[in-house]
Amino acid sequence: MSNFVINGLLQCRNPLLAFRRFRGKMNIQRPRQPHYERARVLEVVKPYYKKPSFNAPCVEAQLTQETRKVENPYEAIVAREARNWFEQSRLVAFLHVNSIRQEDMFKVQVALHRHQVTVKVYGKSIMQKAVQGTKFEPILPLFEAKTALVFGPEERKINQLLSVLKKAPQLVLLAGIVEGRLLSKQELVAYASMPDLTTVRAQFAAVLESAGGKIVSDLQCHQQQLVNLLDAHARSNEAEQADTTKGKVVDS
């Protein structure tokens, strides 16, 4: 009996719920008008915007101009750093950066760092602040696209730079500044093929020494020729005398 009461009368059953939607699709373009009370509340809380005058300037444009006038202190610091790199480096090269992985770019930076060459990448706005009003201002057209800068302490580092760029075709050499002059790629390659200053000085000293020796030899040419002729004449006389003496001895 207890089992019948527990299983039959006291058993709790969950109701079966089936949610159904009798409305069709919601009409977004022509929604149904809300209830009168709700429509009144919505009309009360609707925001009111003041209609601007016809010749009123754009507020966003004014805010943009005001924000542009405010100089970013971080950009000023980076621009000052870039200008110091330009003034202290004896070799500056400009590289156009094509699509390249960061891993490959890091390898190029490491390879150039072994030769004491530094690679920097600056934006156009920073470069305008860095070189505006200086002798480096003509390089600004090179920064229309992404451009990397290479700074070296010596001019002869161009040889190491060209050897490293041969292994990275994604970086294209555009131009460079050597000894205060802006050179194209062909001029940089020609400059790299030239010998260093010490070798050129040694060659120039050898040319001057050879020219001085030639002048001395030219000045002594006639005297030396006269001495040779006299020496040859004296030898011929000695030979004739020896033949004469030998003939007399034979006759006797």
Side-chain angles (χ1 to χ4, degrees), residues 77-98 100 103-122 126-127 129-143 145-224:
I77 295 173
V78 177
R80 195 182 307 115
E81 177 188 359
R83 180 178 296 181
N84 292 334
W85 277 110
F86 274 97
E87 293 176 353
Q88 297 177 3
S89 301
R90 303 182 66 179
L91 169 64
V92 182
F94 304 93
L95 306 178
H96 175 69
V97 182
N98 290 319
I100 183 174
E103 181 181 358
D104 298 336
M105 189 66 181
F106 180 73
K107 291 180 181 179
V108 173
Q109 292 177 350
V110 172
L112 292 176
H113 182 72
R114 293 174 182 174
H115 301 290
Q116 299 179 355
V117 177
T118 307
V119 181
K120 294 288 184 179
V121 179
Y122 298 107
I126 294 178
M127 292 307 304
K129 294 180 181 180
V131 303
Q132 191 172 10
T134 63
K135 62 180 181 179
F136 304 104
E137 191 171 359
I139 68 173
L140 288 178
L142 297 175
F143 290 88
K146 186 176 181 181
T147 305
L149 296 170
V150 177
F151 299 100
E154 299 177 1
E155 298 88 348
R156 305 310 306 177
K157 297 296 182 180
I158 186 64
N159 296 319
Q160 290 80 358
L161 175 62
L162 293 176
S163 62
V164 173
L165 292 181
K166 289 181 180 179
K167 303 177 182 178
Q170 299 90 343
L171 303 177
V172 181
L173 180 62
L174 298 177
I177 300 176
V178 179
E179 297 180 358
R181 297 181 59 185
L182 182 62
L183 304 180
S184 62
K185 179 181 178 181
Q186 291 77 11
E187 292 174 343
L188 287 175
V189 174
Y191 183 86
S193 61
M194 295 173 58
D196 56 352
L197 186 60
T198 304
T199 304
V200 174
R201 286 176 178 175
Q203 294 177 356
F204 182 68
V207 170
L208 293 178
E209 186 177 358
S210 63
K214 188 174 184 303
I215 293 174
V216 173
S217 63
D218 292 341
L219 292 176
Q220 296 179 354
C221 177
H222 300 287
Q223 294 86 344
Q224 188 67 30

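Here, residue 1 is the first one in the sequence, and each next residue gets the next number.
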Counting only heavy atoms not in Arg83, do more than 12 fall under 6.0 Å of its CZ?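 Correct, the count exceeds 12.
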Would one find more than 12 heavy atoms of other residues, nucleotides or ligands at under 6.0 Å from atom CD of Glu187?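 Counting neighbours around CD of Glu187, more than 12 heavy atoms of other residues, nucleotides or ligands fall under 6.0 Å, so yes.
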Give the C-alpha distance, both sets of side-chain angles, the deciding distance and a yes or no for side-chain contact (heavy atoms from CB on, under 4.5 Å) between Val121 and Val97. CA-CA 10 Å; Val121 179; Val97 182; 5.5 Å; no
I want to check something: taking the side chain as every heavy atom from C-beta on, are [X] and [Y] in contact at a cut-off of under 4.5 Å?
{"X": "Leu161", "Y": "Val150", "result": "yes"}
{"X": "Leu182", "Y": "Phe94", "result": "yes"}
{"X": "Lys129", "Y": "Tyr122", "result": "no"}
{"X": "Glu87", "Y": "Asn84", "result": "yes"}
{"X": "Gln132", "Y": "Leu140", "result": "no"}

Looking at every heavy atom in both [X] and [Y], which two are closest together, and how far apart are they?
{"X": "His96", "Y": "Ala145", "result": "CE1-CB, 3.8 Å"}
{"X": "Ala130", "Y": "Ala82", "result": "CB-CB, 4.0 Å"}
{"X": "Ala148", "Y": "Met105", "result": "CB-CE, 4.5 Å"}

Return the set of residues passing ring pair (Phe, Tyr, Trp, His ring centres under 6.0 Å) with Phe151 (not counting sequence neighbours), or none when no residue passes.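 Phe151: ring pair (Phe, Tyr, Trp, His ring centres under 6.0 Å) contacts with Trp85, Phe86.
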Yes or no on side-chain contact (heavy atoms from CB on, under 4.5 Å) for Leu149 and Met127, after CA distance, side-chain angles and deciding distance? CA-CA 11 Å; Leu149 296 170; Met127 292 307 304; 4.1 Å; yes
Using a 3.5 Å distance criterion without hydrogens, assess whether the side chain of Lys157 forms a donor-acceptor pair with backbone atoms of Gln116.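 Side chain of Lys157 to backbone of Gln116: no pair is present.
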Check the pair Phe143, Ile126 against side-chain contact (heavy atoms from CB on, under 4.5 Å), reporting the backbone distance first and the verdict last. CA-CA 10 Å; Phe143 290 88; Ile126 294 178; over 6 Å; no
Under 3.5 Å, which donor-acceptor pairs link side chains of residues 162-181 to any protein atom two or more places apart or in another chain?
from: Ser163; atom 1: OG; to: Asn159; atom 2: O; distance (Å): 3.4
from: Ser163; atom 1: OG; to: Gln160; atom 2: O; distance (Å): 2.6
from: Glu179; atom 1: OE2; to: Tyr191; atom 2: OH; distance (Å): 3.4

What distance separates Glu155 CD from Ser89 OG, expressed to the nearest 0.5 Å?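 These two atoms lie 11.0 Å from each other.
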Out of curiosity, Met194 CE to Arg156 CZ, how far, rounded to the nearest 0.5 Å?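 It comes to 7.5 Å.
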